[in-house]
Amino acid sequence: MSSLLGILSLFQVLTYVTMMDKTKDIYIGAEGSTVEIYCYYPEGYQDYIKYFCRDPCTYNDVLTQSDSSDTVISEGRFTVQDKVSELSFVITIRNLQREDSGVYYCGVEKRGYDIMSKVKVFVSGDESLPYVAMNDKSEYAYIGAEGSTVEIYCHYPKGYQDYIKYFCRDPCTYDDILIKSEISETVISEGRYTLLDKVSELNFVVSMTNLMVEDSGVYQCGVERTGYDILYKVELAISRAPLFSICTSTPASTTQSSSKQTHSTSGTIATSTVTEASSVFCLRV
């Protein structure tokens, strides 16, 4: 069983989630792992220079670039390969570090304005956290798998304990409010959503159950007040699961079958199916 858990931990290391808005991709990885970022471009730009840069993407922010197709170009921890037959170039970042979390751009150099597509990278250094913090401390990303539950922590300043709290989907008009609470220390439920205002901790917690891929997107934690409300942006990224199966040999035992869900507090969840028959364990993650 210990070998089985070891395999499960190994394949929880890296997750890639695409947002509903196809121009904003989010890539998620653990510290020390490797991530591949896919940058697409229109037909007709196969022979143009491609590059990858960190926001704000000045000349000094370019991390790697390629002016030759189907050739791997390396620059330190970064590599780029322009796959012209697929109208895309692939960026690989090795040995991810927490400081790598942030906003990047895939660029195609051309006359006038370059073609730019935004990419966000989140690197988790502590699997006990339910979120990964961007360099911008006002923005957080939460990660989950289809069918699982995620808890979103919304902090607010001292002095707003008795104000109405709410959670909404961007652009956060009145019709976008998913749940709100006017009472502290009481769980409020609305369909798949619950909200608990923990005034002693200066935060309210929103739980979303039975996550769906369509839930991926931008949300706002809100505190209602006179004038402009206090708004706090969060991004939610939902992956499809399970992805693949692995089998490993073990000593023979009595035949039995069970199904488990393994939850990591970082937000990622893997569903495992374990079959003990003679000497084979099968893991699906």
Side-chain angles (χ1 to χ4, degrees), residues 15-28 55 101-103 117-122 129-199 201-241 266-269:
T15 305
Y16 159 56
V17 184
T18 303
M19 300 292 287
M20 296 299 290
D21 177 358
K22 298 303 182 183
T23 64
K24 281 181 65 178
D25 285 350
I26 294 183
Y27 291 81
I28 305 157
D55 188 63
S101 293
V103 176
S117 58
K118 182 188 283 189
V119 168
K120 291 189 178 183
V121 174
F122 297 96
L129 291 175
Y131 59 84
V132 184
M134 296 286 285
N135 288 338
D136 176 1
K137 297 303 181 184
S138 65
E139 189 170 315
Y140 291 88
Y142 288 78
I143 309 157
E146 271 186 310
S148 67
T149 297
V150 66
E151 288 188 342
I152 296 169
Y153 292 80
C154 303
H155 300 273
Y156 53 84
K158 191 171 184 178
Y160 290 92
Q161 290 91 322
D162 297 328
Y163 285 61
I164 293 174
K165 318 300 190 307
Y166 61 90
F167 187 69
C168 55
R169 187 154 190 169
D170 199 65
C172 205
T173 65
Y174 182 82
D175 292 334
D176 297 314
I177 294 175
L178 301 167
I179 190 168
K180 66 168 20 180
S181 173
E182 302 178 15
I183 308 169
S184 61
E185 308 295 345
T186 302
V187 176
I188 307 298
S189 297
E190 290 284 346
R192 295 188 296 127
Y193 304 89
T194 63
L195 190 158
L196 173 62
D197 186 7
K198 298 182 176 182
V199 294
E201 300 177 19
L202 294 178
N203 70 47
F204 61 98
V205 183
V206 176
S207 297
M208 296 175 62
T209 60
N210 192 25
L211 289 172
M212 300 179 286
V213 172
E214 307 86 74
D215 291 327
S216 295
V218 177
Y219 295 80
Q220 303 272 1
C221 301
V223 179
E224 195 173 293
R225 63 175 182 170
T226 303
Y228 292 104
D229 292 354
I230 297 172
L231 289 172
Y232 175 80
K233 182 189 288 186
V234 296
E235 293 202 32
L236 182 59
I238 309 303
S239 64
R240 297 188 184 278
S266 63
T268 55
I269 299 180

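In this chain, residues are counted from 1 in sequence order. Keep in mind that the numbers below use all heavy atoms, side chains included, and drop hydrogens, waters and symmetry copies.
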Would you say the side chain of L202 lies within less than 4.5 Å of the side chain of Q161, judging by non-hydrogen atoms? yes
Side-chain contact, heavy-atom cut-off 4.5 Å: V213 with E146? yes
Rounded to the nearest 0.5 Å, what's the gap from [atom1] on [X] to [atom2] on [Y]? Could you check?
{"X": "R225", "Y": "I164", "atom1": "CZ", "atom2": "CD1", "result": "14.0 Å"}
{"X": "K165", "Y": "L196", "atom1": "NZ", "atom2": "CG", "result": "11.0 Å"}
{"X": "L211", "Y": "E214", "atom1": "CG", "atom2": "CD", "result": "10.5 Å"}
{"X": "Y232", "Y": "F204", "atom1": "OH", "atom2": "CZ", "result": "10.0 Å"}
{"X": "C154", "Y": "K198", "atom1": "SG", "atom2": "NZ", "result": "12.0 Å"}
{"X": "I177", "Y": "C172", "atom1": "CD1", "atom2": "SG", "result": "6.0 Å"}

Which atom names give the shortest non-hydrogen contact between [X] and [Y], and what distance separates them?
{"X": "S216", "Y": "R169", "value": "O-NH2, 2.6 Å"}
{"X": "I238", "Y": "M212", "value": "CG1-O, 3.4 Å"}
{"X": "S181", "Y": "I188", "value": "OG-CG1, 3.7 Å"}
{"X": "E151", "Y": "Y153", "value": "OE1-OH, 3.0 Å"}
{"X": "V234", "Y": "C221", "value": "CG1-SG, 4.3 Å"}

Is there any ring pair (Phe, Tyr, Trp, His ring centres under 6.0 Å) pair reaching into residues 170-194, and which pairs are they, with sequence neighbours excluded? none
Residues in side chain to side chain donor-acceptor pair (under 3.5 Å) contact with [X], at least two apart in sequence or another chain:
{"X": "T186", "answer": "none"}
{"X": "N203", "answer": "none"}
{"X": "Y156", "answer": "D197"}

If you look only at pairs with a residue in residues 175-196, which of them pass as a salt bridge (Lys or Arg N to Asp or Glu O under 4.0 Å), with sequence neighbours excluded? K180-E224, R192-D215
Sequence neighbours excluded, the answer for ring pair (Phe, Tyr, Trp, His ring centres under 6.0 Å) partners of F167 is Y219
side-chain contact (heavy atoms from CB on, under 4.5 Å), that's the test. Do Y166 and D229 meet it? Break it down for me. CA-CA 10 Å; Y166 61 90; D229 292 354; 2.7 Å; yes
